[in-house]
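First the structure, in the form of structure tokens, and then the observations on it.
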Amino acid sequence: MSEEKALTAASRIQGLVDENSFVELGASVTARNTDFNTGAEETPSDGVVTGHGTIDGNLVFVFAQEPSVLGGSIGEMHAKKILRIYEQALAVGAPVIGLLDSTGIRLLESYDAIEALGSVLAKASEASGVIPQIMAVFGNCGGGLSALLSLADFTYMTDDAKVYFNSPSAITGNKDTDTSSYEFRSTKAGGVDGTGSEADVLGAIRTLVPVLPGSNIEEGCVDDCTDDLNRAADIAGAAYENAADVFTEISDNKQFIAVKAAYAPCMACGFIKLDGITVGAFGNNVKKDDDKLDGRLCPMGLKKAADFVKFCDAFDIPLLSLVNVEGFKTTIHAEASMASAAAEFINAYSGASVPKVSVIAKAYTSAALLMGTHSTGADIVYAFTDADMGTLPADQASKIAGISAADYQAKLGGADNAARRGYVDRFVNAADIRKYLIDAFEVLFTKKVDEAYRKHVTK
């Protein structure tokens, strides 16, 4: 590719991978279509730069669309280059990273272009759960190509990028909503993990890749730990408000990599390290100054957590759940999908064969079941020393049962009674929770589960 036309795609790749590590493949490929005199226009690399490199020493395969060549549109040879990258990544077990900037289907290649896009989407589906897939949008990503973002495990957008299945102007009755913007795609559609400048997006991917395994046969991701294993955690115990703050405090070097943070903020999901072991952490937020975050589970939060659990289980990443629930959202909108969302999460969590540890701050109603208990598959259940548990708060339960609140709490409610019945394995001071979690995941590191045969759940 000429220096002039290589600038955008090549510079993005160079900003992503380790210095001097990128090896371009298929640089001589050009478009084959000559209809309508398209052969007269140069199509260097057919509008997509492909190859492999490293991120923090980890092998990755990358394709970057070049918008200055036919708008970065997908044609027959463009797609074949992307497919080749996927095939190589699957063969050696390494993530695929796509840097998207495309006008979509190359219209002048007609059915060849449509079939080409279909082959890319099918290959991405084949790779799902086998190798991590990360996509980032730097310009346009529309139509059928946007489905590639949903097939990927993680997606990022620059502040000015546009993602759409249908153009905002083509949506019936739409006047004021930019459905292609990051704000809509992240908060409403829930398909984007982060945004920022080009440098921010590339930096986010560079941070993410080292905490992920290269493939599903690596049995998770383990690195050396440089943090103090016995470091005290500065946590408010059961009184915490933001799960992400807890995850940050307990993680090695206090690093928490959040996913889809702008979507369903009632649920925090992301990756931490405990003694070098990558752990998938999720928990609900209960900031009291925000009516939307009141310790109640919502369908969007459960869906977000279910998808996260499925990814972690597919790649042998252990799970940590932080339980601080008072019940379920009680709105008409939530009621319409709450049961199906709860079922989806239960299928994901109870079916996950990886090590699962939960920490209880507050656990009321059947909502607590969804966040990780022995009955739904948690291997070890800790509780903060000031944790609160019960079917309902004592003042509410006592009115229904017809006994005093004090009697109900003494005999039926509270974390102590739950522990006596074997539902809590150990009470832990908040300051010590990091070292107990490190111990738990090390004990469970070799966990193996013989699973009954089935292709997949039906719901």
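For the single chain, residues carry numbers from 1 onward in sequence order.
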Flag if over 12 foreign heavy atoms under 6.0 Å of [atom1], [X]:
X: I217; atom1: CD1; value: no
X: K447; atom1: NZ; value: yes
X: F256; atom1: CZ; value: yes
X: E183; atom1: CD; value: no
X: E218; atom1: CD; value: yes
X: E219; atom1: CD; value: no

With P67 as reference, evaluate N140, D101, T103 under the side-chain contact (heavy atoms from CB on, under 4.5 Å) test and give the passing residue.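 One option only clears the test, and that one is D101.
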With V357, the side-chain contact (heavy atoms from CB on, under 4.5 Å) member among V443, L437, V381: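 Per the side-chain contact (heavy atoms from CB on, under 4.5 Å) rule, the option paired with V357 is L437, out of V443, L437, V381.
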Kindly say whether [Y] contributes a backbone atom to a donor-acceptor pair with the side chain of [X] at under 3.5 angstrom?
X: S125; Y: L121; result: no
X: D313; Y: S353; result: yes
X: K356; Y: Y349; result: yes
X: N284; Y: M267; result: no
X: S180; Y: Y164; result: no
X: Q133; Y: A124; result: yes
X: S321; Y: M371; result: yes
X: N347; Y: E344; result: no
X: D252; Y: G276; result: yes
X: K304; Y: K260; result: yes

Answer yes when [X] and [Y] have at least one side-chain N-carboxylate O distance shorter than 4.0 Å, and no when they do not.
X: K254; Y: D227; value: no
X: K273; Y: D224; value: no
X: K435; Y: D275; value: no

What distance separates [X] [atom1] from [Y] [atom2], expressed to the nearest 0.5 Å?
X: D425; Y: I360; atom1: CG; atom2: CD1; value: 9.5 Å
X: L297; Y: E326; atom1: CG; atom2: CD; value: 10.5 Å
X: F138; Y: S102; atom1: CZ; atom2: OG; value: 14.0 Å
X: S358; Y: F282; atom1: OG; atom2: CZ; value: 8.5 Å
X: L100; Y: R12; atom1: CG; atom2: CZ; value: 10.0 Å
X: S146; Y: R185; atom1: OG; atom2: CZ; value: 6.5 Å

Report yes if some heavy atom in the side chain of [X] is under 4.5 Å from a heavy atom in the side chain of [Y]; otherwise report no.
X: F328; Y: S366; result: yes
X: L149; Y: C141; result: yes
X: F384; Y: V359; result: yes
X: V325; Y: T365; result: no
X: F154; Y: I257; result: no
X: M135; Y: V163; result: no
X: E442; Y: I438; result: yes
X: L370; Y: T376; result: no

Closest non-hydrogen atom pair between [X] and [Y], with its separation:
X: V192; Y: M157; value: CG2-SD, 3.6 Å
X: G301; Y: C266; value: CA-SG, 4.0 Å
X: K329; Y: C298; value: CG-CB, 3.6 Å
X: N417; Y: R420; value: OD1-NH1, 2.7 Å
X: A361; Y: Y240; value: CB-CE2, 3.8 Å
X: T278; Y: I317; value: O-CG2, 3.6 Å

With under 30° as parallel and over 60° as perpendicular, where do the rings of F271 and F308 fit, or are they tilted in between?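 Geometry flag for F308 against F271: tilted rings.
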Over 60° means perpendicular and under 30° means parallel, so classify the ring planes of F311 and F315, tilted if in between.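 F315 and F311: tilted rings.
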May I have the step-by-step check of side-chain contact (heavy atoms from CB on, under 4.5 Å) for Q88 and T50, ending in yes or no? CA-CA 11 Å; Q88 291 176 318; T50 59; over 6 Å; no
For R206 and D18, run salt bridge (Lys or Arg N to Asp or Glu O under 4.0 Å): C-alpha distance rounded to whole Å, both residues' side-chain angles, the deciding distance at 0.1 Å, then the answer. CA-CA 9 Å; R206 284 190 58 85; D18 297 338; 3.2 Å; yes
Under the side-chain contact (heavy atoms from CB on, under 4.5 Å) rule, what do I380 and R426 come out as? Steps first, then yes or no, please. CA-CA 9 Å; I380 297 176; R426 186 182 183 96; over 6 Å; no
Of F61, F63, F22, the residue whose pairing with H52 passes ring-ring contact (aromatic ring centres under 6.0 Å, His included):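 Testing each of F61, F63, F22 against H52, the sole residue satisfying ring-ring contact (aromatic ring centres under 6.0 Å, His included) is F61.
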Answer yes if the side chains of S375 and T373 hold a donor-acceptor pair under 3.5 Å, and no otherwise.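 The answer is yes; a qualifying pair exists.
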Any side-chain donor paired with an acceptor under 3.5 Å for D200 and S197?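 Yes, because at least one side-chain N or O of D200 sits under 3.5 Å from a partner of the opposite role on S197.
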When you look at L229 and R434, which way does the side-chain contact (heavy atoms from CB on, under 4.5 Å) test go after all the steps? CA-CA 8 Å; L229 302 186; R434 169 175 157 80; 4.2 Å; yes
Assess the residue pair E249 and R231 against the criterion (salt bridge (Lys or Arg N to Asp or Glu O under 4.0 Å)); give the C-alpha distance rounded to whole Å, side-chain angles, the decisive distance to 0.1 Å, and a yes or no. CA-CA 10 Å; E249 181 63 27; R231 171 172 59 81; 3.7 Å; yes
Test side-chain contact (heavy atoms from CB on, under 4.5 Å) on L90 and I131 and set out the steps. CA-CA 7 Å; L90 285 165; I131 55 174; 4.0 Å; yes
